[in-house]
2 protein chains.
Amino acid sequence: MKTPLKIGELATHCGVALETIRYYEKIGLLPLPHRAANGYRVYGTAHIEQLAFIRHCRALDMPLSDIAALQQFADEPSGDCGEIDSLIETHLARVHERLASLQNLERQLLNLRAACTSGRCVQECGILHELTAAAQGDGCVCHSQTPVSN
Amino acid sequence: MKTPLKIGELATHCGVALETIRYYEKIGLLPLPHRAANGYRVYGTAHIEQLAFIRHCRALDMPLSDIAALQQFADEPSGDCGEIDSLIETHLARVHERLASLQNLERQLLNLRAACTSGRCVQECGILHELTAAAQGDGCVCHSQTPVSN
DNA sequence: AAAAACCCTATAGCCACTTTAGGGTCAAGC
DNA sequence: GCTTGACCCTAAAGTGGCTATAGGGTTTTT
Ligand SMILES: [Zn+2]
Ligand SMILES: [Zn+2]
Ligand SMILES: [Zn+2]
Ligand SMILES: [Zn+2]
């Protein structure tokens, strides 16, 4: 593993778009890199590891604010790790909740798909009928709930 | 069910924030309402039904572009419903995919949570160790993958 | 020497909203 | 009649996590 790296090399190495690296820098998630004489960013081992850490956490779908917090904690090795643990706990709860609502969603969509049985015609499309009927009916959660998203 | 409604009443009735209604209007998802003499928006039955339809579809996590397309199709009742069906099919596939990656995510996070066994100290936190080790190791998908999100 | 590949900055766009700023309108109570 | 509060209006900016575009400079390859 050769160092130092230019931004494109770092991007390739970590499997990240290079705009993403500049974005992380801009929001202060990655520290400012050295600059070569021509103004090009120059990255060393610490940067590489830090970016890998960020990407791993992102692959776990942690928000950037959580990742920033984790990095803060890591910089104070003698502190209490309870906050780290509860950060993960909270994130897990988020994921669990999303998972449950997505499972629910999938069931509904499977039913919906099955509703278009006969016609090819929009007027007779069971899917559209189901959708409009459910929207008007009061059995559905959608009347008191915000969308899933995230 | 009394009509006509002012925007706040419509919002309450449909369980939507009223800014959301104005937003739907602005992007052309909801048609322009009538206006009272004082400039207030005034909604009738058609609007109520249409907003309920949108919210139901949103509760199924459909993107607004899909919902707009559905409304277009509904306006041409003699057309072929194949596009409706495949729109749902595509959406279901999206949901299914997200579901799979969230399930995977939950497993990883459960493991991660279990890693903080002994210390209270950041230096010894198993979670942090796991995270940094995994980020550096090459077994993880994060090196060649984009984050989950949505 | 020219072309391709890489780097730079600054800005706008994506989605589906939410928030903010700065007002106007209307019904109720004193 | 006058204040208080609840409601309504517009326009613009902010959210998250990027991605894309415009308009340039540099370096490497051919
Ligand atoms: Zn990883
Ligand atoms: Zn159909
Ligand atoms: Zn519904
Ligand atoms: Zn711990």
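Below, chains carry the letters A, B, ... as their sequence lines are ordered, and counting in each starts from 1. Just so it is clear, the structure is predicted and the values come from calculations on it, not from any experiment.
Atom CG in B:L30 sits about 14 Å away from atom P in C:dA16, given to the nearest Å. To the nearest angstrom, C1' of C:dC17 lies 10 Å from CD1 of B:I27. Atom CD1 in A:I54 sits about 14 Å away from atom C1' in D:dC18, given to the nearest Å. Between A:D61 atom CG and D:dC18 atom P there is a gap of 10 Å when expressed in whole angstrom units. One interatomic measurement links the two molecules: CD1 of A:I21 to P of D:dT19, which rounds to 12 Å at whole-angstrom precision. B:I7 has its CD1 atom 19 Å from the P atom of C:dG24, to the nearest Å. Atom CD of B:E25 and atom P of C:dA16 are 18 Å apart (whole Å). Per the geometry, CG belonging to B:L64 stands 14 Å off C1' belonging to C:dT18, to the nearest Å.
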Run the salt bridge (Lys or Arg N to Asp or Glu O under 4.0 Å) check on A:R35 and A:E25 step by step: do they pass?
CA-CA 13 Å; A:R35 296 285 184 144; A:E25 177 186 324; 3.8 Å; yes
Please assess B:D66 against B:R94 for the test salt bridge (Lys or Arg N to Asp or Glu O under 4.0 Å), listing each intermediate value before the final yes or no.
CA-CA 13 Å; B:D66 277 14; B:R94 266 195 311 257; 3.2 Å; yes
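Comparing A:G39 and B:M62 by the nucleotide of DNA chain C whose heavy atom lies nearest to each, the residue mapping closer to the 5' end is A:G39.
Contact between B:C116 and A:C81 at its shortest, heavy atoms only, is SG-SG, 3.6 Å.
Side-chain nitrogen and oxygen atoms of B:S65 include none within less than 4.0 Å of the OP1 or OP2 phosphate oxygen of C:dC15. Considering only side-chain N and O atoms, A:T20 lies nowhere under 4.0 angstrom from the phosphate OP1 or OP2 of D:dG17. The phosphate of D:dT19 has neither OP1 nor OP2 within less than 4.0 Å of any side-chain N or O from A:R22. Phosphate proximity of C:dA16 to B:R55: absent, as no side-chain N or O sits under 4.0 Å from OP1 or OP2. Not one side-chain nitrogen or oxygen of A:Y23 sits closer than 4.0 Å to the OP1 or OP2 atom of D:dG16.
At a threshold of 4.0 angstrom between heavy atoms, the contacts of B:L18 are confined to the sugar-phosphate backbone, with no base atom among them. Among the heavy atoms of the strands lying under 4.0 Å from A:R41 are primed sugar atoms or P, OP1, OP2 only; no base atom is included.
Heavy-atom distances under 4.0 Å link DNA chain D to no residue of residues 67-75 of chain B. Residues from residues 42-50 of chain A lying near DNA chain C, meaning a heavy-atom separation below 4.0 Å, are absent.
A distance of 5.0 Å separates CD1 in B:I21 from CD1 in B:I7, rounded to the nearest 0.5 Å.
The side chain of A:Y24 lies closest to D:dC18, out of D:dC18, C:dT18, D:dC9.
Judged by distance alone, the side chain of A:T20 and the main-chain N or O of A:V16 form no donor-acceptor pair under 3.5 Å. Side chain of A:Q136 to main chain of A:T132: a donor-acceptor pair is present (N/O by atom type, distance under 3.5 Å, no hydrogens or angles). Distance alone, capped at 3.5 Å, is enough to place a donor-acceptor pair between the A:H91 side chain and the A:L60 backbone. Using modelled atom types, one side-chain atom of B:E9 and one backbone atom of B:K6 make a donor-acceptor pair closer than 3.5 Å.
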Distances under 3.5 Å between nitrogen or oxygen atoms of protein and nucleotides 25-28 of chain D:
from, atom 1, to, atom 2, distance (Å)
D:dG25, N2, A:Y40, OH, 3.2
D:dT26, O4', A:Y40, OH, 3.4
D:dT27, OP1, A:N38, ND2, 3.0

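With hydrophobic clusters built from ILVMFWY side chains whose heavy atoms lie under 4.5 angstrom apart, A:L29 shares a cluster with A:L5.
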